[in-house]
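Heads up, the thing below is written out as C-alpha cells.
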Amino acid sequence: MARRRRLLPRSVRYAASLGLVLAAGLGLGLVLAAWLTAKAGDPALYPPAPGAETVTVRLVANAWHSGLLLPREALARAAAEAGAGALVGVTERFGAYPALEIGWGDAGFYRAVPTLAALDWRLALAALFTPGGRPAVLHVVGIADEDALRGAGTVTLHLSRAGFGRLAAALAAAFTLRDGRPVEAGPGLYGPSLFYEAEGRFGLLHVCNHWSAGLLHAAGLPVTPLLDTLPRGLVLDLAWRAGAP
C-alpha cells in the first residue's frame, strides 16, 4: 500500500504562505524605495569625454566603513582653483605623501573602533540611533604607497577634471573651520593621520558610506542612497549604475 503523504496542519501552511508573501512584499518595497531615492548623475561631468584629462580616485571599503583615496597634488590644485584655502592647508600638512585617504564618520565610534575586533555595539547603536544624529569627524591619512590599498573592496574611478573639482569643493565644505582653518581633533588611527572636526551629523540615514557616495555624486556619478548604506552596497552601486570595474 502506498504510504500516505503527511500534510502539514493548515495553520502551519497558512503561516508559511503568509511569510513568503510578506518577504516578497518587503523585497519589492525595498526595490521601489531604492528606485525612488536614486540620484541621477551629471553626464556633463561623468563619464569623462573620450581623450579628456582625467583624475583617478579610489573608493576603499572594509566591512562597515568606506573612504576615498585621492591624489594629493591634484586635490591641492583643485582646492586652490575652488578658493578652498583650508583644504589646501590640509594637503600641505601631508605634503610628503602622494595620496590621501579621507573618511568621515561618527566622532565617538570612529575614534574608538579602529578594527572589527574592537567593535563596541553600544557605541554603534548610539551612533546610528541617537535622535538628531551625532557630531562627525574627518580622518585624513597620508598614503605613501597606493598599491598597498588595492584589492578586494577597492573601486577605481576615473573622473573628469571638472568632476574632480566639484568633489574637492564638496570635501572642503565638510571641514569645520575656525578662524578660516580646519579644526584638528587628535591623532588618527594608523600611519601618518589626523582627525578633524567635520560638518554634518552622523546617523542611520547618513552614515560614512552615504558621505563617500555624496562626494562621488558631486563628481557627477549616479548613486542610490538606500543601496549605499553598506560598503558592499556602495561597491555594487558603482558597478551597476556608474560602470565601475
Side-chain angles (χ1 to χ4, degrees), residues 55-80 84-120 123-124 127 134-157 164 167-202 206-216 231 234:
V55 180
T56 299
V57 307
R58 293 183 175 88
L59 175 84
V60 181
N62 61 27
W64 74 86
H65 176 77
S66 68
L68 294 176
L69 185 65
L70 308 173
R72 189 192 59 79
E73 289 187 2
L75 183 60
R77 181 171 61 248
L87 182 55
V88 172
V90 172
T91 64
E92 292 174 346
R93 181 70 183 269
F94 291 87
Y97 303 94
L100 301 180
E101 182 193 0
I102 303 180
W104 178 96
D106 176 77
F109 183 85
Y110 204 163
R111 287 184 283 198
V113 185
T115 66
L116 186 60
L119 180 61
D120 184 326
L123 284 176
R134 286 162 45 109
V137 289
L138 285 155
H139 187 240
V140 181
V141 188
I143 301 297
D145 182 10
E146 293 186 50
D147 290 338
L149 294 180
R150 294 186 187 183
T154 302
V155 180
T156 299
L157 299 160
F164 186 74
L167 182 152
L171 174 60
F175 285 86
T176 295
L177 303 183
R178 186 174 300 150
D179 297 327
R181 297 181 180 181
V183 182
E184 294 185 12
L189 298 176
Y190 49 85
S193 59
L194 286 170
F195 279 109
Y196 291 88
E197 292 184 12
E199 296 298 298
R201 306 285 291 183
F202 184 96
H206 191 218
V207 299
C208 55
N209 309 304
H210 293 136
W211 182 84
S212 297
L215 289 192
L216 295 175
L234 176 53

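Residue numbers start at 1 and run along the sequence shown.
Shortest non-hydrogen contact noted between Val88 and Ala79 is CG2-CB, 3.7 Å. Ala99 approaches Leu69 most closely through the heavy-atom pair CB-CD1, 4.0 Å. Contact record, Pro182 with Leu177: N-CD2, 3.7 Å, taken as the closest heavy-atom pair. Smallest separation of non-hydrogen atoms from Pro231 and Ala61: CB-CB, 3.8 Å. Contact record, Glu199 with Thr176: OE2-OG1, 2.6 Å, taken as the closest heavy-atom pair. A pairwise comparison of heavy atoms in Ala127 and Asp106 identifies CB-CG, 3.7 Å as the closest pair.
Checked options Leu167, Leu70, Ile102, Val57; the residue passing with Leu215 is Leu167 (criterion: side-chain contact (heavy atoms from CB on, under 4.5 Å)).
Applying the side-chain contact (heavy atoms from CB on, under 4.5 Å) criterion to Ala198, with sequence neighbours excluded, gives Trp104, Ala136, Leu138. Applying the side-chain contact (heavy atoms from CB on, under 4.5 Å) test to Glu184 and every residue at least two apart in sequence or in another chain returns Arg93, Leu194, Tyr196. Not a single ring pair (Phe, Tyr, Trp, His ring centres under 6.0 Å) links Tyr97 to another residue, sequence neighbours left out. With sequence neighbours excluded, the residues that form a side-chain contact (heavy atoms from CB on, under 4.5 Å) with Ala74 are Val55, Pro71, Arg77, Phe164. A search for side-chain contact (heavy atoms from CB on, under 4.5 Å) contacts involving Ser212 returns Leu59, Ser66, Leu234, not counting sequence neighbours. Applying the side-chain hydrogen bond (donor to acceptor under 3.5 Å, both in side chains) rule to His206 yields no partners; only residues at least two apart in sequence or on another chain are considered.
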| said: Run the side chain to side chain contact (heavy atoms under 4.5 Å, CB included) test on Leu171 and Trp211 for me, step by step, so that the C-alpha distance in whole Å, both residues' side-chain angles and the decisive distance to 0.1 Å come before the verdict. | reply: CA-CA 10 Å; Leu171 174 60; Trp211 182 84; 3.8 Å; yes
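Looking at Phe94 and Leu75, their side chains never come closer than 4.5 Å, going by heavy atoms from C-beta outward.
Under the 30°/60° scheme for interplanar angles, the aromatic rings of Phe195 and His139 are found to be tilted.
Looking only at distances, no side-chain donor or acceptor of Arg111 sits under 3.5 Å from a matching main-chain atom of Gly186.
Remark: Arg58 CZ to Leu157 CG distance equals 9.5 Å, nearest 0.5 Å.
Within 6.0 Å of CZ in Arg201 there are more than 12 heavy atoms belonging to other residues, nucleotides or ligands.
Here Phe202 and His210 keep their ring centres 6.0 angstrom or further from each other.
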